[in-house]
Amino acid sequence: MSSNDQAAPSPVLELQGITKTFGPVVANENVNFDLYPGEIHALVGENGAGKTTLMRILFGMYRPNAGSIRLGGREVELKKPMDAIEHGIGMVHQHFMLVPSFSVLENITLGAEPGAGGLFDRGRAEEAARGPMERLGLALDPSTVTGSLNVATQQKLEITKVLYRGAKIIILDEPTAVLTPQETEELFVLLKKLAADGSSIIFISHKLREVFAVADRITVLRNGRTVSTTPARDLDASAVVAAMTGRSDVNLGRITRNAPEDDVVLSVSGLSTAKFEHDAALDSINFEVRAGEVVGIAGVEGNGQSALAETLIGTAAPLAGKIELAGTDLTRLAVSARRDLGLSYVPEDRHREGIPINGSVLEGLAAGTLRRHRGWNGLANAFPRALQAWGTDMISKYAIRTSGRNAKCHTLSGGNQQKIVMARELEEQPKCIVLAQPTRGVDLGAIEFLYDRIAEATARSCAVVLISADLDEILRLSDRVLVMYRGRMVAEETATETSREELGMHMTGAKALGTAA
Amino acid sequence: GGKAPAAAGASDAELSIGIFVDNAFGDGDFFDQAAKAQASLEEGGAAVNTYEGQLQAQNFAPLLQDAADANDLVFVLGFEAIDALIDTAAENPDTTFVFLDGVVDSAEVVSAEFRTAEGCFMAGALAATVNGEAGADTAGFIGGVNAPVIQNCEAGYVQGVEHVAPDMKVAAQYVGSFVDPAKGREIGLALKNKGAYAQYAYAGLSGAGIFDAAKSGQEIAPIGIVTDKSSLAPGKVPGSVEMKVDAVIEQLTEDFTAGTLKQGSQQSYGFAEDGWGMVYDEKILGADNVAALSELEAKIASGEVKVNVQ
Amino acid sequence: MNTQTATAQQADPQRKSHLPEGDRRRRPKASGRAGMPLARRLIQPAFILVAGLIMALVLIAAQGYEPFSTLGAGLDYALGNPASIARTLAWGLPLFVASIGVCLAYRSGMFNIGAEGQIYAGAMAAALAGAYIGPMLSGLHLLLCLLFAAVVGGLIAAGLGWLRAAWGVDEVLSTLLSNYIIMLFCAYLATSPLRDPARQSGTTKEVFDTAMFGEIMPRTQLTSALFVVIVLCAATWWLSERSVTGYRWRMTGESPDFAAASGISVKKARIASMATSGALCGIGGALLVTASQGRFWTEIGTGIGWDAVLIALISRARPVPAIIWVSVYCIMRSAARGIEQVSTVPSELSLVLISGIIIAAAARAGIFSQFTALKQRFAHVKGH
Amino acid sequence: MDWIDAFLASGIRFTTPILLAALACLPTAWTKDLNVGLEGAMLFGAFSGVVIGLSTESGIAAVGLTVLIGAACGAVFGYLITYLRVNVFVAGIVLNVFAAGATVYLLRSMFGVKGTLSDDRIPAMASVSIPGIDGIPVLGAVLSGHSILTYVSWAIIVVAALAVRYTVLVRHLKAAGEHPAALTAAGGNVTRMRILAQVWCFALCGLAGVQLSMGQLTLFTEGMTSGLGFVALAAVIFCRGKVLLLALMSVGFGLSSAVAVQVNASVMPPQFAQMIPYLVAFIGLIVLARTAKDGGIRIATPVLED
Ligand SMILES: Nc1ncnc2c1ncn2[C@@H]1O[C@H](COP(=O)(O)OP(=O)(O)OP(=O)(O)O)[C@@H](O)[C@H]1O
Ligand SMILES: Nc1ncnc2c1ncn2[C@@H]1O[C@H](COP(=O)(O)OP(=O)(O)OP(=O)(O)O)[C@@H](O)[C@H]1O
Ligand SMILES: [Mg+2]
Ligand SMILES: [Mg+2]
């Protein structure tokens, strides 16, 4: 796949001196990037480093403040996605760009419908879509409703769309975030085949393992600026991490923690739920968590993790089963009662559930304290001086970077928003805390900080349920790992004695062992 | 540029007269009839100010107070303003208030009542006559809302129909609104289907619907109310019951200037007092019928035919 | 693979900064209320006020009148002397209560478009309590009337809130439809079973004198209901903006999922805020009876509910701006009545104006950002 | 049998403006910019139809110009809600209030009349009686003898139903509502779709208004839409984007209004009869919320943060 030195082909794409600002935020600054035919070029960097922004500029979704774009040596101006598409650029976005209620065919052809006079020529569309679908091995009835497909298929559909448009340059923005290790492997085979056929691919991922598995070259962005562009074979993971973070002391290994105690804090038995939005229904889940223990729940998203988290905290009701916290039955209790008994919860969707996105930092921090005002106390002043002072303390204790306790939550960056949630939940001194994707979208520095807080909590005998899609996170923090597949617990492993590969096998359901515990 | 605003109430005229309506002018009926008095009053040298309550409860008292401040004589139309009127009149003894079309229980207010049932009786008689000519067996009545004043009219209408044609049926229906001509029209058509040819709508703007229906060629003979409505459906309106609000206002104004209008007095207007009148379309009705109806009018005026109020 | 060398740019002397790595990119300044300078906070109302004034002047001029003196005459009518001010204020008393009521519900995410119906229901309840119970000690009787109205309005709104909280019935549409149903039902009551036989129109019996607020300034209709309104506004402000309950309701409105996950009962907050909102609207209706009309009649509350909805929208459901806007609105309505008496400018002027003002207010952010974008594009063009 | 004919004919007359307004609103439901200002847009349509009809004495000019003016207003409205980011719910509510005030204001300042504008020179929409079908009971009443706009509304149903199946435009409208980013990424223009939906909405609402003021009547009265716009809105919400269901809902509301007209005070008090359409809508709303998987539609209310 790597081109030969003697041929020295010219790049199909050159980005030079790209700068893009959003108000005061500089997302890209003087970024250079190039791409050769048949090459897979990886783009890495921490959250907010400007990867997506750069790709959106390339796809005509943003106009850069400065810089030039050359395609096949000619400078072009990409004012809108259509321009990029016409120049043979296709993009698979970080979030699916599929209309759920449309059929597969309608989604593939959206924006380039064959037909005359504004009419949709179904026959021609099917014919035109057949080629790309076959290339990707997508054997689907074109009239299937897209929303009913699983994520891996939707991902392939996205690539089909790009091929349907005849793209020679394919941008993939974090395409593997929602795939199992096996599905990721399949995707890589596909990408390599496409590259061999002459397409050029830009591949964005946070998982260095994947980057090294497919990329010919790696470009690192930090704070919106290009740090380096290097052939993958000349690099190793620690060099890339150092380039991404600007630090060389980043701990990528296991977090040191105390050993769990013996008494059971949380016990779940026979828990079942109905199907839950985009998540699988729980099917008689059983497990226990001891004091000071971290139990990791691994699994591909959509296998019941969200349902489990919400049922534990009580925002969703189970059909059957029992949840006990230190001997007290929680199953019929409201969220506030569960929290009063010592259960805490860090929700997976920070913006929706974790913080009042339009509220102030203090309003986000104080939810726990204010929960205890009952009856007529509800008419009392919500934010007396003492509480305001407490809020300021929390901001400094958790190193939340904000202009003050009255700043609106949406003005904070993701990592700092997550710190608000963690501060609130840990300050409750819970007996048990449910962490759902606690570090999603949070960069390495903040992650380290949050892991330390979790370790502190376990030292106080707090039981931790850690639900995460990130296997590394689970392996670094947990004592035991449970794997969920289609709403069931299919495996239990000791964290120090298992491997990514083994967990990955469990996650695909390949090694279903029956219910654990 | 542009005109400078007039100074409220401060005019050189000897006499300032206010006309207050609880809703707004433009009802095509009662209020507009009152507004007709404005021209002749101004010709007579008086200044006329108008006030619209817009059916907003909160407007009545302040506007009546404004009217009291700016005028010597104030005519008040509309039942909803009665309470505000009583209070304002009590607080402003220097202004004479006349309530039109109803009896107000107050020593400071002049009440001028139109005997609605009488007018509607003649409408009924006219309807029965028209039906008789056309061979229809039902007279239609359309009410704005089922308020007592409308029911009172309906009662008079029924008596009028019975008086002329004892066997004739009356089909009555309410619109539920004074401002929905589309529905008025539909109700007119519904009544037509029940056999009603001559129809009488005591329903404000909603009544315009039946004239519209007649104009567009439907088999309906709409009878006008308050004023001559023949222009709304030329050639289709056999006659109208006139409510001579303007004449009564002029009459009462004369009484006021003459000093004979006593606060607290109660006047009542029917055919005898020239509060009601009729206009007929002789081309439609024929001279004989017009003569017969005129005779009936006279009988009501003389008291020979009694109309019972509900 | 071609040996394109890395374009290392770590060392860029010009970007040396005393800030730590992470802070290099400037973050947008917090726009918290406390942090906003006074000038910035005044820009919005000033913009809207100027827009409104210009619209008013243009509309008056279009009618062929001298704009400034005509508007002046109107404002003089509305605010010229203490009695005018009292009259203007008296006009708005029910609207104050209804508006903060609607705001309260909006704040918890419940778009109570049913204010109109709740006002009618409250007016009917107060009229019945005033006419069929008593006479008794005036204060007690008034309290009873307001209480009745609050309970009836509150129950209606709570029911609709429950439909939303428990069954997910969209409250915008359900409250909208409830308006028609309630108003027609009240009209039925007033024209048939509960009609005052002494009257020719659809009204209930007159309430006892003990159920009427006393006038505190003669001939202005300004009654002691003013004090009730002040207390209610203050209490609602506290409830909504300062209290723990208000916090729960606000969170429910702004981020319902956050509220649910942090232990606030979203269902309870929705029902309770609707109930309180309905109760306030009901009291607004009661004031129409006990501070003004003395009885219920079929169109007693025409339009007040919609006025309240508009005011809640323009004030973004904040109680203090709502109170200011009601005052502005009262002045506008009053001035329009004044203008109508001295010219032929229809008093619908005020409705046209308020619509224009709300759109100007709602579009303000967009206008400014369009303006900035334009400026940027212009700069861009010049830069090339 | 006669009364059935009369009832059905009346039902269809009630249906036409509701149907036109509902069809107008449908694309705005697709783009998720549900226009709650139908009432106001119809009122303006009714007004403009009569004013143009009066000055040109031509029905065709009245319809044509009203539709054009409506389209222009729709473009302005679309500009407001897209470029100027005015919440569509706020804009809709304000439109209703604005129309109620402005039509009265204009009526008074342009014609010096209050209440009603009625004139012999206002042309009426032609009504079409279809020979042959005309005399057949029931069928004749349903199919024949209506205003030409009634047939136009039926034609629009057919066109809309076909458009949903076969055109790219409707696909883009729906995509603009359901997943605007997907449409943008595919090279479509979300803003254009959103504005287009409003243009269509206002143009057709204009037609609905003309039907009221010149199809059913030949006059304009203040506030003559009297709640029809909200009924149409309910129909749009209940139909969940489906054209034929929308037509059925509109007919349902039209017929229940016709029932209210037929029902006599001796059967039930008139207020209860008038309540029927609203009760039907209210109960429908609850049934929808109870039966739909996603709990029915939510109106896009504004976020009221600073
Ligand atoms: N539309 C926007 N308005 C304002 N700021 C933006 C916008 N889009 C991106 N940003 C900011 O620009 C910076 C770069 O964001 P970008 O999405 O490109 O990061 P990324 O490298 O893709 O991060 P991630 O790994 O989280 O996907 C961030 O600080 C982000 O907050
Ligand atoms: N869509 C957006 N519109 C406006 N501002 C945005 C947007 N997205 C992000 N921002 C702003 O950009 C800034 C950077 O956000 P981002 O989450 O990308 O930062 P970060 O570098 O990842 O921070 P952290 O390390 O804390 O995660 C924040 O101040 C945020 O408010
Ligand atoms: Mg990204
Ligand atoms: Mg971040």
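Just so it is clear: chains get the letters A, B, ... in the order the sequence lines come, proteins before strands, and each one is counted from 1. Excluded from the calculations below are hydrogen atoms, water molecules and symmetry mates; all remaining heavy atoms, backbone and side chain alike, are included.
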Is chain D contacted by the side chain of [X], its backbone, both, or neither, given a heavy-atom distance below 4.5 Å?
X: B:Q173; result: side chain
X: B:I187; result: both
X: B:A233; result: neither
X: B:K215; result: side chain

query: Looking at OG of D:S10 and CG of B:N193, how far apart are the two atoms once the value is rounded to the nearest 0.5 Å?
result: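 It is 9.5 Å, given to the nearest 0.5 Å.
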query: About how many Å separate CG of B:L63 and CD of B:Q54, when rounded to the nearest 0.5 Å?
result: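 Answer rounded to 0.5 Å: 9.0 Å.
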- prompt: Between B:C120 and B:C153, is the SG-SG gap less than 2.5 Å?
  reply: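 B:C120 pairs with B:C153 as a disulfide (SG atoms under 2.5 Å apart), so yes.
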Against chain B, label [X] side chain, backbone, both or neither, depending on which of its atoms sit under 4.5 Å from a heavy atom there.
X: D:T116; value: both
X: D:S118; value: side chain
X: D:Q271; value: side chain
X: D:S226; value: side chain
X: D:V113; value: neither
X: D:F7; value: neither
X: D:V104; value: neither

query: Under 6.0 Å between the ring centres of B:Y200 and B:Y157?
result: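 Judged by ring-centre distance (under 6.0 Å), B:Y200 and B:Y157 do meet the cut-off.
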Aromatic ring proximity D:F44/D:F98, centre distance under 6.0 Å: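 Distance test on ring centres: under 6.0 Å, yes.
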query: When only pairs under 4.5 Å are counted, which of B:D32, B:L232, B:V175 shares the most heavy-atom pairs with chain D?
result: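 Most heavy-atom pairs under 4.5 Å with chain D: B:V175.
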query: Do you know which of B:G176, B:A213, B:S177 has the most heavy-atom pairs with chain D at a distance under 4.5 angstrom?
result: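 Ranked by contacts with chain D, first place is B:G176.
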field: Donor-acceptor contact present, side-chain B:D180 to main-chain B:S206, <3.5 Å
entry: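 Side chain of B:D180 to backbone of B:S206: no pair is present.
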query: Are the side chain of B:Q151 and the backbone N or O of B:N146 linked by a donor-acceptor pair below 3.5 Å?
result: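 Yes: the side chain of B:Q151 pairs with the backbone of B:N146.
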Options D:S213, D:P270, D:A124, ranked by heavy-atom pairs under 4.5 Å with chain B, top entry: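 Of D:S213, D:P270, D:A124, D:P270 has the most heavy-atom pairs under 4.5 Å with chain B.
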task: Mind ranking D:L212, D:V263, D:D120, D:L217 by heavy-atom pairs under 4.5 Å with chain B and telling me who comes out on top?
output: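 Heavy-atom pairs under 4.5 Å are most numerous for D:L217.
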query: Is it the case that more than 12 heavy atoms not belonging to D:I148 sit under 6.0 Å from its CD1 atom?
result: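 No, not enclosed.
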query: Out of D:I60, D:T218, D:V63, which residue meets the side-chain contact (heavy atoms from CB on, under 4.5 Å) rule with D:M125?
result: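 Of D:I60, D:T218, D:V63, side-chain contact (heavy atoms from CB on, under 4.5 Å) with D:M125 is met by D:V63 alone.
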- prompt: Step by step, would you call D:L19 with D:I157 a side chain to side chain contact (heavy atoms under 4.5 Å, CB included)?
  reply: CA-CA 9 Å; D:L19 182 60; D:I157 298 177; 3.6 Å; yes
